[in-house]
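The chain is numbered in sequence order, starting from 1. Quick caveat, the model's predicted, so the values are computed rather than measured. The basis for the numbers below is simple: all heavy atoms, side chains too, and nothing from hydrogens, waters or symmetry mates.
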Amino acid sequence: MDSRNTPKLTVVLGIVLLIIAYLIPYDSLESLLGQGLRPLGLVSLFINPVLGIIGGIFSFLKKQWLYLILNIVIIFSFFVIMAIGYSL
């Protein structure tokens, strides 16, 4: 994999995972995740911050500032989703 594409791939993968987790019914993974954690919570609390940190490091090293900002948004996707849900 080319390191120039890593920041772009982490942003796209983070957004795609958020969309998929939103579309999955919230009680469909209770046997795997338990009753407390929903698919959207799993993606926004655990998976997206890791993707955002990896993409942020690569975008900082390659000086791709737009992808650095987008990866920072991916890192804080849980708080973005909370703010959107609270405002609705």
Side-chain angles (χ1 to χ4, degrees):
M1 180 161 81
D2 190 17
S3 66
R4 287 182 301 155
N5 293 332
T6 305
K8 187 185 306 183
L9 288 174
T10 56
V11 169
V12 170
L13 185 61
I15 292 171
V16 167
L17 285 175
L18 277 175
I19 292 171
I20 290 172
Y22 180 73
L23 295 176
I24 293 176
Y26 68 91
D27 59 349
S28 64
L29 298 176
E30 280 187 356
S31 61
L32 296 173
L33 302 175
Q35 289 184 339
L37 188 62
R38 306 288 187 226
L40 191 59
L42 174 72
V43 170
S44 64
L45 280 174
F46 297 113
I47 298 173
N48 273 354
V50 172
L51 286 174
I53 290 170
I54 292 170
I57 290 170
F58 278 104
S59 61
F60 181 75
L61 293 175
K62 298 294 178 182
K63 295 181 176 57
Q64 296 176 342
W65 307 118
L66 175 64
Y67 290 115
L68 178 64
I69 293 170
L70 291 175
N71 277 303
I72 290 172
V73 170
I74 291 294
I75 291 171
F76 295 111
S77 63
F78 176 73
F79 301 109
V80 172
I81 290 173
M82 272 182 53
I84 291 172
Y86 183 71
S87 66
L88 294 177

Subject >> Hydrophobic cluster membership, Val73 vs Met82, 4.5 Å side-chain cutoff >> reply: no
Original post:
With side chains defined as the heavy atoms from C-beta onward, is the minimum distance between Leu40 and Leu18 less than 4.5 Å?
Top reply: yes
Subject >> From Ser59 atom OG to Ile54 atom CD1, the distance as rounded to the nearest 0.5 Å >> reply: 12.0 Å
**OP:** Of all the heavy-atom pairs spanning Pro25 and Pro39, show the shortest one and how long it is.
**Re:** O-CG, 4.2 Å
Subject >> Ile74 and Ile15: CA distance, side-chain angles, deciding distance, side chain to side chain contact (heavy atoms under 4.5 Å, CB included) verdict >> reply: CA-CA 8 Å; Ile74 291 294; Ile15 292 171; 4.1 Å; yes
Original post:
How long is the span from the CZ atom in Phe46 to the CZ atom in Phe78, to the nearest 0.5 Å?
Top reply: 10.0 Å
Original post:
According to a 4.5 Å side-chain heavy-atom criterion applied to Ile, Leu, Val, Met, Phe, Trp and Tyr, with indirect links allowed, do Val12 and Tyr22 form part of one hydrophobic cluster?
Top reply: no
Between side-chain atoms of residues 65-72 and protein atoms elsewhere (two or more places apart, or another chain), which donor-acceptor pairs fall under 3.5 Å?
{"unit_1": "Asn71", "atom_1": "OD1", "unit_2": "Thr10", "atom_2": "OG1", "d": "2.9"}
{"unit_1": "Asn71", "atom_1": "ND2", "unit_2": "Gly55", "atom_2": "O", "d": "3.4"}
{"unit_1": "Asn71", "atom_1": "ND2", "unit_2": "Tyr67", "atom_2": "O", "d": "2.8"}

Subject >> Closest contact, heavy atoms only, Thr6 versus Phe58 >> reply: CG2-CD1, 3.5 Å
Original post:
Could you give the distance from CD1 (Ile47) to CG (Leu42), rounded to the nearest 0.5 Å?
Top reply: 4.5 Å
Original post:
Looking only at heavy atoms, which two atoms of Ser44 and Pro49 are closest? And how far apart?
Top reply: O-CD, 3.6 Å
**OP:** Check the hydrophobic clustering (I, L, V, M, F, W, Y; side-chain heavy atoms under 4.5 Å; chains of links allowed) and say if Phe79 and Leu17 are grouped together.
**Re:** yes
**OP:** Would you kindly confirm whether Val50 and Leu9 end up in one hydrophobic cluster when ILVMFWY residues are joined by side chain heavy atoms under 4.5 Å apart?
**Re:** no
Original post:
Where is the tightest heavy-atom contact between Ala21 and Val43, given as atom of each residue plus distance?
Top reply: CB-CG2, 3.7 Å
**OP:** Say whether Val16 and Ile24 are linked into one hydrophobic cluster, either directly or through other cluster members, by side-chain heavy-atom distances under 4.5 angstrom.
**Re:** yes
Original post:
What are the two closest heavy atoms between Ser87 and Ile84, and how far apart are they?
Top reply: OG-O, 2.9 Å
